[in-house]
Enquirer: 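One structure is given below, represented as structure tokens, and several questions about it will come after.
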Amino acid sequence: MAAFDVLQYMQTLESMLRITEQTWLLDEDFLKVLDKLSKVLGITKTEIDIKNKDDEESEILTLYDDKSEAEGLAGYEFVYGKRPVRVLIYTKCGNSEYPAELSAGLNTVYEILRRQTIRELNRRDEEARGKTDFVTGVSTKKLFTEYVDQLYKKDKIFEYGACGFSLKGMAELNRQVGNDNGNKLMASFVSGLQTLLGDDGLVARTGGINFSMIFKKNRFDEIVVYLSGKVVYLNDDSEGKLMSACVGFYPISDTCTSAAELNEIITSALHNALKNPLQPFIIYDEKLQQADNDEKYIAGIFQDALDREEFMVYYQPKAELNKYCLNGAEALCRWFHDDKMVLPYRFIPVLENNGEIIKLDYYMIEHVCRDLRRWLDEGRPVVTVSVNLSRCHLGDPGLLGHIIEIVDRYKVPHSLIEIELTETTTEVGFNELKALVGGLRDHGFSTSVDDFGVGFSSMSLLHEIPWHVIKIDRSFIPVGDGSAEDEKKNVMLRSIIEMVNSLGLKSIAEGVETIDQVILLKETGCYYVQGYYFDKPMPVGDFETRLDQLK
Ligand code: C2E
Ligand code: MG
Ligand code: MG
């Protein structure tokens, strides 16, 4: 029943009460309205046989001595919740006056009906609110879930595709037009999409600038065009704004069996799409889903694996080209899980994503210090060992203190530890990097820029931050295939080395695999290398044999 029915009945009832206020004459029509309203509100109204004197329950009858006096009266019991309210109502015109004692009962019923009407209207309002997003006018996630549930129940889900999308450039748009107008533009964009879909699907706001959508498969092309860019207007005179979205499409497969699962997959599809903002659309296929599942699996077992010390330090020697001897090593992490060795590319990005990498990095520093301490105690020759530190920790104010605490706990000279950090993209990151590198230097640690050249290197990175070592990424090392690309690398490599040398920094080339590369590097003025030509990363036992050769 529509919401206005409740209100209409209540209003009719009130006007009837007002008209009859003086006489308290309530006729059959009043009773009909009362009936309907009670029904809608879930209040039971039962007629009491007030003429049956033997009915002990009917207290109202105590007012009357004989049947005739009860003529023209009807007795009702209203039950809402646990509380029954009894009331006498005149149903016929008669001479008798309405008994004053009973008006209180009628008022109580009226009050209950009035309060229940307000409650019912509020409830319906809230329900509507729960299904419509007030900012944009499209559906909420709740309605979306119900809608998808229905498609599953009717076995129609496979006629549909789904996607999660996020509006692009909203921060900039809000800056230009203000938040309120930004919301209006967002509303116009997404409600336009719902209009385009009509009954062929549903758009729902899932939070902020993120949305979910389900649509008939044959509407796919139109949706792609719309989400790629649509001009929307604040009003008739305003300048149009081009809006678009980053989208993760999911072709619904039979592995997804419920609305709840679909919601999760849509979230992951959008998450994947947002990883690469330059590519506006992705299809979240089985391969990507598998990668996500792996990610969840790794994140789920990481802490246990760390507690069980499944992570091992592998050491990759660094060579000095003048003397052709071991000059240092990089500590690289290897995970031994289920009798298999897992390489960093499988788990480091996952841990960087969920912030757990800090635990692994401290673990690596600790294990390297433990090895160094043992080597020193055993009287072995030692070299400086570099440890990778993820950029994620840069904002952590306790970082430097924590590193010092670990190294000092093992009484390892700071000069034996080098910290490798990658370049940074943001200004905040730059300042934090500068502070950390400066702090490490002040405490006697060595520092290096890892993978130099592939990130957002700038002159200020080299000039303003007090590094010791620049590790030139292997993508700059010519492979010697005579290609134009290789020649370009050659030119760049020479200029990088020249610049690094003239700044008084130490350069080391990563990923050196051939003797030709070694010769080229030496010629160019880079005297330190790390790469498979000399050694692959190796377990601690093998590395100890290398150290012993220094004796
Ligand atoms: P990276 O710090 O640049 O480490 C060098 C990577 O290049 C290592 O890969 C190493 O095995 C590989 N490599 C060395 N020489 C050669 C070569 O001649 N040819 C080729 N093709 N590759 C070579 P790995 O061990 O798989 O590590 C990959 C990345 O994972 C590392 O790059 C580093 O960024 C990260 N990583 C490894 N361990 C840790 C760790 O404990 N903490 C953090 N935050 N990152 C780590
Ligand atoms: Mg490194
Ligand atoms: Mg590197």
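In listed order, ligands and their atoms are each counted from 1.
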Enquirer: Residues two or more places apart in sequence or in another chain: which of them pass salt bridge (charged side-chain N to carboxylate O under 4.0 Å, His left out) with Lys536?
Expert: none
Enquirer: Can a salt bridge be assigned to the pair Arg546 and Asp535 using a cut-off of 4.0 Å between side-chain N and carboxylate O?
Expert: yes
Enquirer: Which of these passes side chain to side chain donor-acceptor pair (under 3.5 Å) with Ser448: Glu330, Lys471, Glu418?
Expert: Glu418
Enquirer: Provide the protein N, O or S atoms situated under 2.8 Å from the Mg ion (ligand 3); waters are not included.
Expert: Asp450 OD1, Asp451 OD1, Glu510 OE1, Glu510 OE2
Enquirer: Can you list, by chain and residue number, every protein residue with a non-hydrogen atom closer than 4.0 Å to ligand 1?
Expert: Gln316, Glu330, Leu332, Cys333, Arg334, Pro344, Ile348, Ile357, Asp361, Met364, Asn388, Ser390, Glu420, Asp450, Asp451, Arg474, Glu510, Gly511, Val512, Glu513, Gly531, Tyr532, Pro537
Enquirer: Using the ring centroid of each side chain, check whether Phe534 and Tyr324 are separated by less than 6.0 Å.
Expert: yes
Enquirer: Output yes when Glu544 and Arg374 qualify as a salt bridge under the 4.0 Å nitrogen-oxygen rule, no when they do not.
Expert: yes
Enquirer: Who passes side-chain hydrogen bond (donor to acceptor under 3.5 Å, both in side chains) against Asp133, sequence neighbours left out?
Expert: Thr136, Arg205
Enquirer: Under 4.0 Å between a Lys/Arg side-chain N and an Asp/Glu carboxylate O for Glu405 and Arg409?
Expert: yes
Enquirer: What N, O or S atom of Glu330 is found closest to the Mg ion (ligand 2)?
Expert: OE2
Enquirer: Without hydrogens or angle criteria, can the side chains of Asn276 and Gln279 be said to hold a donor-acceptor pair below 3.5 Å?
Expert: yes
Enquirer: I'd like to know if Lys489 and Glu485 make a salt bridge, using a cut-off of under 4.0 Å between side-chain N and carboxylate O.
Expert: no
Enquirer: Could Lys217 and Tyr160 be counted as a cation-pi pair, given that NZ or CZ must be under 6.0 Å from the ring centre and within 45° of the axis?
Expert: no
